[in-house]
Amino acid sequence: MTDPISSAYRLLEASQVHYQGRVVGTIASLDAQAPAENYADCFVRDFVPSGLVFLLDGRHDIVRDFLALVLKLRDQQEEVEGHRAVAKVMPASFRVLCNEAGEEEIHTDFGDRAIGRVAPVDSMMWWLILLVAYERVSGDTAFTRSPECRRGVRMILNICLQDRFEIFPTLLVPDGSFMIDRRMGVYGHPLEIQSLFFGALRAALELLDPEDAESQAIHQQSCKRLDQLTEYVRHYYWLDEDRLNRIHRYRTEIFGHDSENALNIHPESIPAWVSDWLPPQTGYLVGNLGPGRMDFRFFSLGNLLAVLFGLADPEQGRRIMALFDQRWSDLAGMMPVKICFPAMEGDEWRLMTGSDPKNIPWSYHNGGNWPALLWAFVAAALHAGREDLARRAHDTAAPRLYANGWPEYYDGRNGRLIGRRSNFNQTWSATALILSHKFIEDPSTLDVLSLKGYEKR
């Protein structure tokens, strides 16, 4: 009988997308019964674990061809007459098709075919992070520092750093603009986007030459934004026992720069589950923050990326992993890792999701368990010195994923059930296991995700 890693590799090989005789990506799912047509696409975010596996296996050309193609595809974005969308974002996904003449054509999705018709925000950030990983492993600076790539990096920064009607250093985005691509009450300043924004800015600083005349101004602006973003997230998003007590006693409607409750968070908004659930000596970064609003839900990927990229300070990183340890059944369960906790139920589910039948309580984005997050969990755990948690997650996931046919997600409070609408042969479920295995067997491979362009001053 084949072991899980060999099976995962077979799925990875079978998922490859070819264009002009070269491998340029991997499709989302090989499930012939997949209900959504776009599961045959190569998604930018889904390719990241595939790309990291290819890099660590020495197959650098696949990643380079993917990065070059996606950079080229951003010029295909159409503009609606009379309306200017954000210029030149990366596509959410693409697909290679043959026309009637037998010629290969690439069809892109910039949000026009997505659920809710929302343009992707995270694609360009994942592209930047993968670009740095490619340079670090391959040493191919001729590509990563080429005029085309540098222009792409500057254009991404121009999108992220543009003027807005806000004073917060965080990035404002709508529902549906990242991995949680359905209505889930994550509009505003979701943690996952802030963690990716931080990682992308650090990646950009590693790639741009501060002495280059074209890059100098945006390099300086990125450094300042990183200082502000780091301080803001570490302070305002952080929740532990001490901070919870202070929020519980907040005074509201206080004006001025010295107000402790600067965002006017009302103590009555603290959900009843928080105080009983959060153990002493642990903590986490809350899911969202804005004027009069603190989303106390725990979102795994945002917290894990914050640990891995350094947005959370080392002590916060240790406390986040301690929370996973002490609340394992809630946050990892029988299939690491749960995308968010707790699930929305009852009237909250109806109002916040629009009664979305796919996001019923403890399913899909609403408290489902996603194997695709395994690699980020293992990497963050190793980064925080918790090899025990990394091995526990990997050893829990491997036999079930293999036996169940590589599902997309799992249902139930503890992730016991295969997702009701889950696809099988999901590529990033397989590559997450491969990547996790590589990280555990050789922790030095984590250097592929080390972002050295910035250190908090």
How many angstroms lie between atom [atom1] of [X] and atom [atom2] of [Y], to the nearest 0.5 angstrom?
X      : Y      : atom1 : atom2 : result
Leu208 : Arg145 : CG    : CZ    : 8.5 Å
His219 : Glu214 : NE2   : CD    : 14.5 Å
Leu201 : Leu161 : CG    : CG    : 6.0 Å

Output yes when [X] and [Y] qualify as a salt bridge under the 4.0 Å nitrogen-oxygen rule, no when they do not.
X      : Y      : value
Lys224 : Asp227 : no
Glu315 : Arg319 : yes
Asp356 : Arg182 : yes
Asp330 : Lys338 : no
Arg151 : Glu148 : no

Would you please say whether a donor-acceptor pair under 3.5 Å links the side chains of [X] and [Y]?
X      : Y      : result
Glu408 : Ser422 : no
Ser363 : Asp411 : yes
Asn359 : Trp349 : no
Tyr410 : Asn404 : yes
Ser259 : Asn261 : no

Close aromatic pair by centroid cut-off 6.0 Å: Trp277 and Phe341: yes

Closer than 3.5 angstrom, by distance alone: can the side chain of Asn158 be matched with the main-chain N or O of Arg154 as a donor-acceptor pair? yes

Are any side-chain N or O atoms of Arg413 and backbone N or O atoms of Trp362, one a donor and one an acceptor, separated by less than 3.5 Å? no

Heavy-atom check, side chain of Ile193 versus side chain of Val186, under 4.5 Å: no

Within 6.0 Å of CZ in Arg249, more than 12 heavy atoms from elsewhere: no

Here's one to test your reading of the geometry: is the NZ or CZ of Arg246 within 45 degrees of the ring axis of Tyr236 and under 6.0 Å from its centre? no

Going by the ring-ring contact (aromatic ring centres under 6.0 Å, His included) test, which pairs reach into residues 287-335, not counting sequence neighbours? Tyr284-Phe298, Phe298-Phe324, Phe324-Phe377, Trp328-Phe377

